[in-house]
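We name chains A, B, ... by the order of the sequence lines, and we start the count at 1 in each one.
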Number of protein chains: 2
Amino acid sequence: MTIEDAEWKPPIVTVTVDLVIFTVRDGDLQVLLIDRGIEPYLGYPALPGGYIDKGETLEEAALRELHEETGLDARTLHLEQLHAYSDPRRDPRGRVITVAYLALGPDLPVPVSGTDAAAASWAPVSDALAGRLAFDHAGILRDGLERARSQLEHTTVAAAFCVEPFTISDLRHIYEAVWGFKLDPSNFRRKVTRTEGFLEPTGERYVPQIGRPALLYRRGNAAALSPPLLRTSQLSSAGGNAADRTMPLVPQENAGLAGSD
Amino acid sequence: MTIEDAEWKPPIVTVTVDLVIFTVRDGDLQVLLIDRGIEPYLGYPALPGGYIDKGETLEEAALRELHEETGLDARTLHLEQLHAYSDPRRDPRGRVITVAYLALGPDLPVPVSGTDAAAASWAPVSDALAGRLAFDHAGILRDGLERARSQLEHTTVAAAFCVEPFTISDLRHIYEAVWGFKLDPSNFRRKVTRTEGFLEPTGERYVPQIGRPALLYRRGNAAALSPPLLRTSQLSSAGGNAADRTMPLVPQENAGLAGSD
DNA sequence: TCACTTATGGTCAGTATGACTTTTACGTGG
DNA sequence: CCACGTAAAAGTCATACTGACCATAAGTGA
């Protein structure tokens, strides 16, 4: 932060936050999108977001937008900064830099159409990426997806997708929805139960319509998963039927080192 | 990015980039700092950085500042976005949001005092964190250190610290400097040589003053390290002498999930 | 009762790793 | 020329973790 010349006027920049809000509904990963009510990109789906207010941090702005769009707060879900996007041509109206946040939460009441939530709705990530999104939001969504997938490897955030109390199958379904392929139930159970502080048994159990009752758990207080639960070459069909194997949502992963901009 | 009211004026924000530039010199991790020539924080050490210019991306701004401070470009080193810092009180002059970048490079000619590099110099990270830094740069530096340490676990960036060609010992010294403790030479060798694409043998060898000559390598084209090279409980003394075990540079790690702001 | 479904638990081989030992290849000083 | 010191390179071995797979348990409904 070198300021050599007191007369120098820094370029005018507008700063916004955009939110990649993920949940798992009906067995697949969904993202909250709004329909843009104004130009540019009128009518296009876009990530929710907005300007930062004077005197608030980016994270506070993200939480505020989140609350406006979904009625949720930080106690219910996980929020983390994703990346800042700054292509000078990303917004035709001028110089707008956006800082994207990733929010992960359980399948909730459905977007409570808040104040300015014009038409917020959940869409499967695969659908959202197949169509067009406003601005550079497709790229932001891709980055958010990759971050979410990576976080599941190294942390216990997957539990943030679950409504407590939950079963190990519920948790496994989160992994399967986010990663896009099936996991071996037995090996998955071994991993998560042996990871100290991932799950906290409630003693209760859930009796389903069919099949053996499952034990119920709550989130533990561990944040990190070490050793990690890697998603390399997990191609198990878990039922002998290759047809129920879900395809990856995005064909190419960006496994690169450098942060893109 | 919801813009409901065309009359609404977004708050005025200034955006800067700050750089955490690491290298390994004399066996320990050093960071490039400048001495602030103006208020606020006159005379305090600070991370190099500056305003973004009109029409350039944050990454371009980071590369430009990097070049001004060190004379280096992206071909020589690794650059990635770290985090955006937005506390409204982080700069007493007003609303300044900064996006920090992490740069990793080999020990080079020394900072070429460029145009506005008032007094740029390398300082051991432990020293920098022990003293005071301008603004919130201590926190940024801590985050950069943690990111660098983590990157060494999962990627091959450590090679970005080495001048080609290099020996496996050179590479191991990078890990030891960044992580702050010694590694077992034999196990380290096994890991890096068996990781496809990490090292590319040159066929040449380096004949040192003492000891057996070492083979020389160049960077391979692999970016990811899987399985990762974890730094958990690596407490080997590598020579039987506990005294040469380096202490961690920072006592407490922030291993949390959520992005801080 | 059996059939069906899912949860839970166990086996076993292959891989990766930490701790440790052994051998190799230099320069150097007797 | 040889013993010595040093560090690289290579090997050993027990343990941990994982993927693939098999077995049993605990419910519901016919």
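Between the CG atom of L215(B) and the C1' atom of dT24(C) there is a distance of 12 Å, given to the nearest Å. Atom C1' of nucleotide dG10(C) and atom CG of D184(A) are separated by 13 Å, given to the nearest angstrom. To the nearest angstrom, P of dT15(D) lies 16 Å from CG of N187(B). What separates CG of L230(A) from C1' of dC17(D) is a distance of 11 Å, to the nearest Å. Atom P of nucleotide dA20(D) and atom CG of L183(A) are separated by 11 Å, given to the nearest angstrom. Atom CZ in F188(B) sits about 16 Å away from atom P in dA19(C), given to the nearest Å. Summarising the geometry, the separation between NZ on K182(A) and P on dG19(D) is reported as 17 Å, rounded to the nearest angstrom. Look at CD on Q209(B): it is 15 Å from P on dT6(D), rounded to the nearest Å.
The nearest heavy atom of DNA chain C to P227(B) and to I210(B) marks one nucleotide each, and the one closer to the 5' end goes with P227(B). Nearer the 5' end of DNA chain D, as judged by each residue's closest nucleotide, is the contact made by S186(A), out of S186(A) and G211(A).
For the residue pair D170(B)/Y206(B), the side-chain donor-acceptor check at 3.5 Å is not satisfied.
Between R149(B) and E153(B), none of the side-chain N atoms (NZ, or NE/NH1/NH2) sits under 4.0 Å from a carboxylate O, so this pair counts as no salt bridge.
Taking side-chain N and O atoms only, K191(B) has no distance below 4.0 Å to OP1 or OP2 of dA16(C). Residue R212(B) places none of its side-chain N or O atoms closer than 4.0 Å to OP1 or OP2 of dA9(D). The shortest distance between the side-chain N/O atoms of R172(A) and the OP1/OP2 oxygens of dA7(C) is below 4.0 Å. Regarding contacts with the backbone of dT17(C), every side-chain N or O of R194(B) stays at 4.0 angstrom or more from both OP1 and OP2.
Among the heavy atoms of the strands, none lies under 4.0 Å from T167(B).
Side chain of R147(B) to main chain of L82(B): a donor-acceptor pair is present (N/O by atom type, distance under 3.5 Å, no hydrogens or angles).
Contact annotation: side chain of R190(B) to base of dG18(C), donor-acceptor pair present below 3.5 Å.
For L32(A) against P48(A), the heavy-atom pair with the smallest separation is O-CD, 3.2 Å.
If you look at Y175(B) and H173(B), their ring centroids are not closer than 6.0 Å.
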